Novice: 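Take this structure first; my questions come after.
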Amino acid sequence: MLVCTGFAAPDAKSPLAPWSFTRRDVGAFDVEIDILFCGVCHSDLHYARNEWQFTVYPAVPGHEIVGRVRSVGKDVTKYKTGDLVGVGCLVDSCRTCPSCREGLEQYCDAGMQGGTYGGTDKVTGEPTRGGYADKIVVDENYVLRIPENLDPAAAAPLLCAGITLYSPLRHWGAGPSKKVGIIGLGGLGHMGVKLAHAMGAETVLFTTSPSKVADGKKLGAHDVVISKHPEEMARHTNSFDLIIDTVSATHDLSPYFALLKRDATMVQVGAPEKPLPIAVFPLLLKRASFAGSAIGGIAETQEMLDFCDAHGITADIEMIPIQKINEAYERMLKSDVKYRFCIDMASLKG
Ligand code: NAP
Ligand code: ZN
Ligand code: ZN
């Protein structure tokens, strides 16, 4: 077994603390990666605190991983020692169900068994453990190539925040002549604004934070609406083709349904702990769709990374040493992050 060091939540109530654990040895098709950076997703916090009710403790979060290949198994063909690589939310899947065969591993019929954390390692049967650690071992088919032109720390959040917005924007046809709304300017939302703008859509940001209006415009929004102000919301009645909700807490969706065009779609990517109340009439009266979307498949994640390379897109990050992770979680809960914390894994040795 490979001995790793990292940070783990010992239970739902305690802060994350240093922890030593093992991963499987490097198998024939595995890539061993020295982790350089790991983005901090709100899902990490939901998971560490068992808000989704499936956490196995001690829990090592982290699924926005960038690092360099340290070694490869004897049958690996895609990567070699020294390559700059990434790992997102998936380290495996069943590989045989219709979704896996179509490259939509995130919708695997077997569920999220292959989650980077919260899943089960197929070889050892142990819970999978994420990227708040010095190294990770991943099957080469679930490893991404990070374009060398991108700043590796700022590229890390693309592996979850980036793909989680890229996938629904592509699926629902964001582009020129389409009007797209993004709700919430956090890690996911700021990637949504950048990506929708780069795809050529008219992009509008909805925020609860007046202090983020100027940033929203700088990131590429054509308009920024303070969602608590009904008169600002009314400016956009019946006008959106697509709205993507990235909010991490329960909130009222009805005001947004009023902003959709007939036959338009509202997509939920935020995953709050508690169910969302839905008023159905605004949907009925527009033949509107309310949909969900989860991250993206491996091939689409690589496509997104290459799109970001072509458009010079990365996340806006605030770098932290891993010892500040608990403070970062508290700030994330206050919507006080511009716009993604990223852990410098060199701090593990400090
Ligand atoms: P984040 O950085 O904390 O951003 C969330 C943003 O939502 C905040 O910055 C804030 O933006 C807004 N917000 C927070 N509380 C709110 C409230 N009570 N009412 C209205 N707005 C509120 O979180 P994130 O990392 O982007 O993740 C967002 C959510 O997506 C989480 O639930 C996460 O688990 C989920 N997620 C889902 C997927 C998927 O595959 N579907 C993937 C990754 C993450 P403003 O200050 O602009 O209002
Ligand atoms: Zn995530
Ligand atoms: Zn499958």
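Remember, it's 1-based here, ligands and their atoms both numbered in the order they're listed. One-based numbering along the sequence shown. Every value quoted in this text rests on a predicted model; they were computed, and no experiment measured them.
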Novice: With a cut-off of 4.0 Å, which atoms of ligand 1 are near a heavy atom of L188?
Specialist: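 Those qualifying, in numeric order: 24 (P), 25 (O), 26 (O), 27 (O), 30 (O), 36 (N), 43 (C), 44 (C).
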
Novice: Give the atom numbers and elements of ligand 1 that come within less than 4.0 Å of a heavy atom of K212.
Specialist: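 Under 4.0 Å from K212, ligand 1 has these atoms: 9 (O), 11 (O), 45 (P), 46 (O), 47 (O).
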
Novice: Between CG of L305 and CD1 of I313, what distance do you get to the nearest 0.5 Å?
Specialist: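 With rounding to 0.5 Å, CG (L305) is 11.5 Å from CD1 (I313).
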
Novice: Can L144 be reached from L195 by stepping across I, L, V, M, F, W or Y side chains whose heavy atoms are under 4.5 Å apart?
Specialist: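 L195 clusters together with L144.
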
Novice: Run the contact test for A161 against ligand 1 with a 4.0 Å cut-off on heavy atoms, strictly below, and give the result.
Specialist: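 Not so, A161 does not reach ligand 1.
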
Novice: Less than 3.5 Å between some nitrogen or oxygen of V247 and one of ligand 1, yes or no?
Specialist: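 Between V247 and ligand 1, no N or O pair is found under 3.5 Å apart.
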
Novice: Show which atoms of ligand 1 fall inside a sub-4.0 Å distance from at least one heavy-atom site of W52.
Specialist: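 Going through ligand 1 atom by atom, the ones under 4.0 Å from W52 are 34 (O).
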
Novice: Does E32 reach the main-chain N or O of V26 with its side chain, forming a donor-acceptor pair under 3.5 Å?
Specialist: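 No.
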
Novice: Report the member of H63, H42, M191, R331 with the shortest heavy-atom distance to atom 1 (P) of ligand 1.
Specialist: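 Nearest heavy atom to atom 1 (P) of ligand 1 lies in H42.
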
Novice: Applying a heavy-atom cut-off of 4.0 Å, say which part of Q106 lies close to ligand 1: side chain, backbone, both or neither.
Specialist: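 No part of Q106 is near ligand 1 at this cut-off.
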
Novice: If you round to the nearest 0.5 Å, how far is CZ of F240 from CD of E202?
Specialist: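 Output value for this atom pair is 7.5 Å.
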
Novice: Just heavy atoms, cut-off under 4.0 Å: does S248 contact ligand 1 by side chain, backbone, both, or neither?
Specialist: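 Both the backbone and the side chain of S248 come within reach of ligand 1.
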
Novice: Does S93 offer a backbone N or O that forms a donor-acceptor pair with the side chain of K122 under 3.5 Å?
Specialist: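 Yes.
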
Novice: Looking at ligand 1, does any of its N/O atoms fall within less than 3.5 Å of an N/O of G189?
Specialist: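 Looking only at distances, the answer is no, because the N/O contact criterion of under 3.5 Å is not met.
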
Novice: Between OH of Y132 and CG of D44, what distance do you get to the nearest 0.5 Å?
Specialist: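 One gets 3.5 Å once the value is rounded to the nearest 0.5 Å.
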
Novice: Can a donor-acceptor pair be found, under 3.5 Å and without considering hydrogens, that links the side chain of E232 to the backbone of I226?
Specialist: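 Yes; judged by distance alone, with no hydrogens or angles, the pair exists.
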
Novice: In terms of atom number and element, which parts of ligand 1 are under 4.0 angstrom from non-hydrogen atoms of G184?
Specialist: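 Within the 4.0 Å cut-off of G184, ligand 1 contributes 11 (O), 47 (O).
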
Novice: Which residue and atom name correspond to the protein heavy atom nearest atom 39 (C) of ligand 1, and how close is it?
Specialist: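 I find the closest protein heavy atom is T164 CG2, 3.5 Å.
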
Novice: Is it possible for you to say whether M266 and I244 belong to one hydrophobic cluster, with membership spreading through side-chain heavy-atom contacts below 4.5 Å?
Specialist: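 Different clusters.
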
Novice: Short list, please: which atoms of ligand 1 are under 4.0 Å from a heavy atom of T208?
Specialist: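 Per the distance check, 20 (C), 21 (N), 45 (P), 46 (O), 47 (O), 48 (O).
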
Novice: Would you mind listing which atoms of ligand 1 come within a distance below 4.0 Å of any non-hydrogen atom of M332?
Specialist: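 Those atoms are 3 (O).
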
Novice: Have a look at the Zn ion (ligand 3) and estimate, to 10 degrees, the angle subtended by SG (C97) and SG (C94).
Specialist: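 Once rounded, the angle between the two atoms at the Zn ion (ligand 3) is 110°.
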
Novice: With only distance considered, is Y339 within less than 3.5 Å of ligand 1 through an N or O on each side?
Specialist: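 No.
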
Novice: Counting only heavy atoms not in R145 (residues, nucleotides, ligands), do more than 12 fall under 6.0 Å from its CZ?
Specialist: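 Counting other residues, nucleotides and ligands, CZ of R145 exceeds 12 neighbours.
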
Novice: Write out the residue and atom name of the closest protein heavy atom to atom 31 (C) of ligand 1, then the distance separating them to 0.1 Å.
Specialist: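 Minimum-distance protein heavy atom for atom 31 (C) of ligand 1 reads H46 NE2, 3.5 Å.
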
Novice: Nearest non-hydrogen atom to atom 29 (C) of ligand 1 belongs to which of D44, I182, L165, T246?
Specialist: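 Among D44, I182, L165, T246, the closest heavy atom to atom 29 (C) of ligand 1 comes from T246.
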
Novice: Please state which protein non-hydrogen atom is closest to atom 40 (O) of ligand 1 and give its distance, to 0.1 Å?
Specialist: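 Of every protein heavy atom, I295 N, 2.8 Å lies nearest to atom 40 (O) of ligand 1.
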
Novice: Would you say W172's side chain and V267's backbone share a donor-acceptor pair under 3.5 angstrom?
Specialist: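 Such a contact is absent between W172 side chain and V267 backbone.
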
Novice: For ligand 1, is there an N or O atom under 3.5 Å from any N or O atom of A271?
Specialist: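 Between A271 and ligand 1, an N or O pair is found under 3.5 Å apart.
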
Novice: How long is the straight-line distance from NZ of K286 back to CG of D263, given to the nearest 0.5 Å?
Specialist: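 So the CG of D263 and the NZ of K286 are separated by 11.0 Å.
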
Novice: Find all atoms of ligand 1 within a distance of less than 4.0 Å from any non-hydrogen atom belonging to L185, and give their numbers and elements.
Specialist: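 Every atom of ligand 1 under 4.0 Å from some heavy atom of L185: 9 (O), 11 (O), 45 (P), 47 (O).
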
Novice: Please check this pair: side chain of T203 against backbone of A221, looking for a donor-acceptor N/O pair closer than 3.5 Å.
Specialist: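 Side chain of T203 to backbone of A221: no pair is present.
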
Novice: Check this for me - ligand 1, S293, N or O atoms closer than 3.5 angstrom, yes or no?
Specialist: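 Yes: some nitrogen or oxygen of S293 is under 3.5 Å from one in ligand 1.
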
Novice: Heavy-atom contacts under 4.0 Å between T207 and ligand 1: side chain, backbone, both, or neither?
Specialist: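 The answer is both, backbone and side chain.
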
Novice: Under 4.0 Å from any heavy atom of S209, which atoms of ligand 1 are there?
Specialist: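 That gives atoms 45 (P), 46 (O) of ligand 1.
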
Novice: Identify the protein heavy atom lying closest to atom 44 (C) of ligand 1, giving its residue, its atom name and the separation to 0.1 Å.
Specialist: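 Sorting protein heavy atoms by distance from atom 44 (C) of ligand 1 puts S43 OG, 3.2 Å first.
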
Novice: Which residue holds the protein heavy atom closest to atom 25 (O) of ligand 1, what is that atom called, and what is the gap in Å?
Specialist: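 It is R340 NH1, 2.6 Å.
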
Novice: So which of R331, K324, R340 actually passes side chain to side chain donor-acceptor pair (under 3.5 Å) with E318?
Specialist: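 For E318, the side chain to side chain donor-acceptor pair (under 3.5 Å) check succeeds only for R331.
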
Novice: Looking only at protein heavy atoms, which one is nearest to atom 37 (C) of ligand 1, and how far off is it?
Specialist: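 Result for atom 37 (C) of ligand 1: V269 O, 2.9 Å.
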
Novice: Are any side-chain N or O atoms of T128 and backbone N or O atoms of G115, one a donor and one an acceptor, separated by less than 3.5 Å?
Specialist: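 At least one qualifying donor-acceptor pair exists.
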
Novice: Any idea which protein heavy atom is nearest atom 8 (C) of ligand 1, and the distance to it?
Specialist: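 Checked against all protein heavy atoms, atom 8 (C) of ligand 1 sits closest to S335 OG, 3.5 Å.
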
Novice: Please write down residue, atom name and distance for the protein heavy atom closest to atom 4 (O) of ligand 1.
Specialist: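 Of every protein heavy atom, G186 CA, 3.3 Å lies nearest to atom 4 (O) of ligand 1.
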
Novice: Please report the closest heavy-atom contact between Y47 and T55, naming both atoms and the distance.
Specialist: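 In this case the closest contact between Y47 and T55 is O-OG1, 2.6 Å.
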
Novice: Looking only at distances, please establish whether an N/O atom of ligand 1 is found under 3.5 Å from an N/O atom of G187.
Specialist: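 Yes.
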
Novice: Only one of K178, K261, R262 forms a salt bridge (charged side-chain N to carboxylate O under 4.0 Å, His left out) with D241, so which one is it?
Specialist: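 Exactly one option meets the salt bridge (charged side-chain N to carboxylate O under 4.0 Å, His left out) with D241, and it is K261.
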
Novice: So which atom in A328 and which in I320 form the shortest heavy-atom distance, rounded to 0.1 Å?
Specialist: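 In this case the closest contact between A328 and I320 is CB-CD1, 3.8 Å.
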
Novice: Can any side-chain N or O of S227 pair as donor or acceptor with the backbone N or O of T207 at less than 3.5 Å?
Specialist: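 Checked: pair present.
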
Novice: Kindly identify the option in G296, G39, S167, A249 whose heavy atom sits closest to atom 15 (N) of ligand 1.
Specialist: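 Minimum heavy-atom distance to atom 15 (N) of ligand 1 goes to A249.
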
Novice: Does ligand 1 have a heavy atom under 4.0 Å from the side chain of C160, from its backbone, from both, or from neither?
Specialist: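 Just the side chain.
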
Novice: Quick one: how many protein N/O/S atoms are under 2.8 Å away from the Zn ion (ligand 2)?
Specialist: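 The number of such protein atoms is 3.
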
Novice: Taking atom CD of Q113 and atom CG of D121, what is their separation to the nearest 0.5 Å?
Specialist: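 If we round to the nearest 0.5 Å, Q113:CD and D121:CG are 11.0 Å apart.
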
Novice: Which one of K212, K338, K194 satisfies the salt bridge (charged side-chain N to carboxylate O under 4.0 Å, His left out) criterion with D316?
Specialist: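 Running salt bridge (charged side-chain N to carboxylate O under 4.0 Å, His left out) over K212, K338, K194 with D316 returns exactly one hit, K194.
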
Novice: Roughly how far apart are M304 CE and S167 OG, rounded to 0.5 Å?
Specialist: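 M304 CE to S167 OG: 10.0 Å, rounded to 0.5 Å.
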
